[in-house]
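Working notes, beginning with the structure itself.
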Amino acid sequence: KNEVEQSPQNLTAQEGEFITINCSYSVGISALHWLQQHPGGGIVSLFMLSSGKKKHGRLIATINIQEKHSSLHITASHPRDSAVYICAVRSSGYGNKLVFGAGTILRVKS
Amino acid sequence: DAGITQSPRHKVTETGTPVTLRCHQTENHRYMYWYRQDPGHGLRLIHYSYGVKDTDKGEVSDGYSVSRSKTEDFLLTLESATSSQTSVYFCAISDPKNEQFFGPGTRLTVL
């Protein structure tokens, strides 16, 4: 079983829809990261959080440490949100190492 | 954007040849990482560095070596490339707040 599981693997939405991507993990962590990767593009960090909730524009990330679960929400989705969204956890151990989920491929249709 | 570059951006090589990928940062951060990204596997850590001459293995380190003789440069070497090492390689740096910033990636094809 992977240490970091994301769901769904693929998601197609209509423009304007509210989107939720989930991430569950099984190890002790010091922080959780949400990353975005556009097709053929680089990887950009969206959020780093260790508790509660963070918001940037239309993106909201939440984490529940007790349940070892995080969600990424996109409000009023737009075709430019189409990308791969990757959850990664930073282990509590030495090295600031990240363990990554397999990613969620999001396609937003106009 | 964090000042992190990778070279080359694309490389095609033959099985058995040595290959070196370079990651360069202008941020003076301590931690640097090499990942590979493959379909169905996501990103996996190859090696990382926590300072000049200080490196350690990640989960997929077999067939790879690294060196860090200067803070700004982290080199990844494939001593004898194999087709299984065809992948996209990302370098990353970690700032003092533990935010990670990724380079643009290197697409390596081993024929």
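Atom set for the values below is all heavy atoms of this structure, side chains included, hydrogens, waters and symmetry mates excluded. Just so it is clear: chains get the letters A, B, ... in the order the sequence lines come, proteins before strands, and each one is counted from 1.
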According to a 4.5 Å side-chain heavy-atom criterion applied to Ile, Leu, Val, Met, Phe, Trp and Tyr, with indirect links allowed, do A:Leu32 and A:Val27 form part of one hydrophobic cluster? yes

Name all residues meeting the salt bridge (Lys or Arg N to Asp or Glu O under 4.0 Å) criterion together with B:Asp54; count only those two or more places apart in sequence or in a different chain, and write none if there are none. none

Test: salt bridge (Lys or Arg N to Asp or Glu O under 4.0 Å). Region: residues 38-53 of chain B. Which pairs qualify, not counting sequence neighbours? B:Arg36-B:Asp38, B:Asp38-B:Arg44

At what distance, to the nearest 0.5 angstrom, does [atom1] of [X] lie from [atom2] of [Y]?
X: A:Ile43; Y: B:Tyr35; atom1: CD1; atom2: OH; result: 9.0 Å
X: B:Asn98; Y: A:Arg90; atom1: CG; atom2: CZ; result: 3.5 Å
X: A:Leu98; Y: B:Leu43; atom1: CG; atom2: CG; result: 9.5 Å

Can you confirm whether more than 12 heavy atoms, excluding those of A:Glu17, are under 6.0 Å from its CD atom? yes

Sort A:Gln37 into side chain, backbone, both or neither according to what part of it lies under 4.5 angstrom from a heavy atom of chain B. side chain

For residues 68-78 of chain B, which side-chain donor-acceptor pairs fall under 3.5 Å, sequence neighbours excluded?
from	atom 1	to	atom 2	distance (Å)
B:Arg68	NE	B:Thr71	O	3.2
B:Arg68	NH1	B:Arg30	O	2.5
B:Arg68	NH1	B:Ser49	OG	2.9
B:Arg68	NH2	B:His29	O	3.0
B:Arg68	NH2	B:Arg30	O	3.2
B:Arg68	NH2	B:Thr71	O	2.8
B:Lys70	NZ	B:Asp73	OD2	3.3
B:Asp73	OD1	B:Arg22	NE	3.4
B:Asp73	OD1	B:Arg22	NH2	3.1
B:Asp73	OD1	B:His24	ND1	2.7
B:Asp73	OD2	B:Arg22	NH2	3.3
B:Thr77	OG1	B:Thr20	OG1	3.1

Note: B:Gln100 and A:His33 closest approach over all heavy atoms is N-CE1, 4.3 Å

Segment of B:Glu59 engaging chain A (4.5 angstrom heavy-atom cut-off): neither

For chain B, find its close neighbours in residues 44-74 of chain A: heavy-atom separation under 4.5 Å, sorted by number, or none. A:Ser45, A:Met48

